[in-house]
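Below is one structure, written out as structure tokens; comments come after it.
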Amino acid sequence: MSYMPQNIEKLIGWATTFVAGVETHAVAWGLSPQWVADVRGRFGELKAAYEVWEDPATRTIVSHAALTEARKAFKGTVEPLVRNLKSLPGLTVYDYDLLQIPARHSGGYSPVLAPPKTWPVLNIKVFGQGAVAFHYRDSEASTSAARPRGARAAVVRTAFIRSSSPAVEELNGLTFTMTRSPAWHAFPPECIGDTLHAVAAWISPTGKMGPWGPVVKVTVA
């Protein structure tokens, strides 16, 4: 398949990203635990065979043959999984970018996407008993919760601090990524009544960060 690199070292790197994406978003995408277990297992076999073959002390005809078989088995598991993913109506172009597979074209995947120059605007809603919901929209969108092109997710930094206008570097408490809006979090009872500050930035599929948005604050109830 064109989206899987032919070079074995690059294939290992691609597979690491692909499997991590599948494991992280399996529930949201409706993938069965068996799908996840199969691709994780085949990837483990591929990595093990590669490590044996990569070591000059164990690089033999036998280890090369084992690597070839592990590679075939991995591809044999990934290809039907990708076909299944492409049949899902809810997958977005950003999900395809995350997995490094082509979305609406038949050519190879072009993973180089610059991070957005925009930023996520956060809106935090309080629901009582420490529960809050983090909502985002792009700074250039009025209401849409869709991520802009080049954004794999929103990285959110938070902290409970007394400062009225903290710097991003001061927000070193709970940090997490959001691939969909809203994201829920329940803070412990001792945080109720305290002021939560939060800020977010887009992150690209290659891990490059866009600019941080404005810091927002809310009192946890």
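Owing to the predicted nature of the structure, the values given are computational and were not obtained by experimental measurement.
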- Message: Under a 4.0 Å threshold between the charged nitrogen and the carboxylate oxygen, would R59 count as salt-bridged to E54?
- Response: no
Find the distance between [atom1] ([X]) and [atom2] ([Y]) and round it off to the nearest 0.5 Å.
X: T16; Y: K47; atom1: OG1; atom2: NZ; result: 6.0 Å
X: D38; Y: S32; atom1: CG; atom2: OG; result: 7.5 Å
X: K117; Y: S139; atom1: NZ; atom2: OG; result: 12.5 Å
X: D194; Y: R162; atom1: CG; atom2: CZ; result: 7.5 Å
X: L85; Y: I101; atom1: CG; atom2: CD1; result: 5.5 Å
X: L11; Y: L46; atom1: CG; atom2: CG; result: 5.5 Å

- Message: Tell me whether the rings of W14 and F18 are parallel (<30°), tilted (30 to 60°) or perpendicular (>60°).
- Response: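 Ring orientation of W14 relative to F18: parallel.
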- For the pair F74 and F43, name the ring-plane relationship: parallel under 30°, tilted 30 to 60°, perpendicular over 60°. tilted
Any chain of hydrophobic side-chain contacts (each under 4.5 Å) joining [X] to [Y]?
X: V62; Y: Y50; value: no
X: L196; Y: V126; value: yes
X: M178; Y: V121; value: no
X: V39; Y: W35; value: yes

- Going by atom types only, do T118 and D138 share a side-chain donor-acceptor pair under 3.5 Å? yes
Are any of the side-chain heavy atoms of [X] and [Y] separated by less than 4.5 Å?
X: L171; Y: I161; result: yes
X: K75; Y: R42; result: no
X: I124; Y: V216; result: yes
X: T60; Y: W53; result: no

- Is there a side-chain contact (heavy atoms from CB on, under 4.5 Å) between F134 and S181 once you walk through the steps? CA-CA 7 Å; F134 295 84; S181 179; over 6 Å; no
Please report the closest heavy-atom contact between [X] and [Y], naming both atoms and the distance.
X: A153; Y: T177; result: CB-CB, 4.3 Å
X: P166; Y: S163; result: N-OG, 3.4 Å
X: A200; Y: P120; result: O-CD, 3.5 Å
X: G130; Y: V220; result: CA-CG1, 3.8 Å
X: A201; Y: G210; result: CB-O, 3.7 Å

- Message: Going by the rule side-chain contact (heavy atoms from CB on, under 4.5 Å), which residues pair with P214 if we only count those two or more places apart in sequence or in a different chain?
- Response: W119
- Apply the test side-chain contact (heavy atoms from CB on, under 4.5 Å) to residues V155 and M209: give CA-CA distance (whole Å), side-chain angles for both, the deciding distance (0.1 Å), then the verdict. CA-CA 9 Å; V155 176; M209 298 285 292; 4.0 Å; yes
Keeping [X] on the side-chain end and [Y] on the backbone end, is there a donor-acceptor pair under 3.5 Å?
X: S63; Y: T58; answer: yes
X: E170; Y: A167; answer: yes
X: H197; Y: V218; answer: no

- Could you walk me through whether V168 and V199 pass the side-chain contact (heavy atoms from CB on, under 4.5 Å) test, one step at a time? CA-CA 7 Å; V168 172; V199 67; 4.2 Å; yes
- Query: When the ring centroid of F127 is compared with that of W184, is the distance short of 6.0 Å?
  - Reply: yes
- Please check if atom CD in E23 has more than 12 non-hydrogen atoms from other residues, nucleotides or ligands closer than 6.0 Å. yes
- Using the ring of W212 (Phe, Tyr or Trp, six-membered ring only), decide whether R157 places NZ or CZ under 6.0 Å from its centre and within 45 degrees of its axis.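 The answer is yes, since R157 meets both limits relative to W212.
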- Message: So, applying side-chain contact (heavy atoms from CB on, under 4.5 Å) with K10, which one of I12, N7, I8 is it?
- Response: N7
- Item | From CA spacing to verdict: side-chain contact (heavy atoms from CB on, under 4.5 Å), V78, V19 | CA-CA 9 Å; V78 168; V19 174; over 6 Å; no
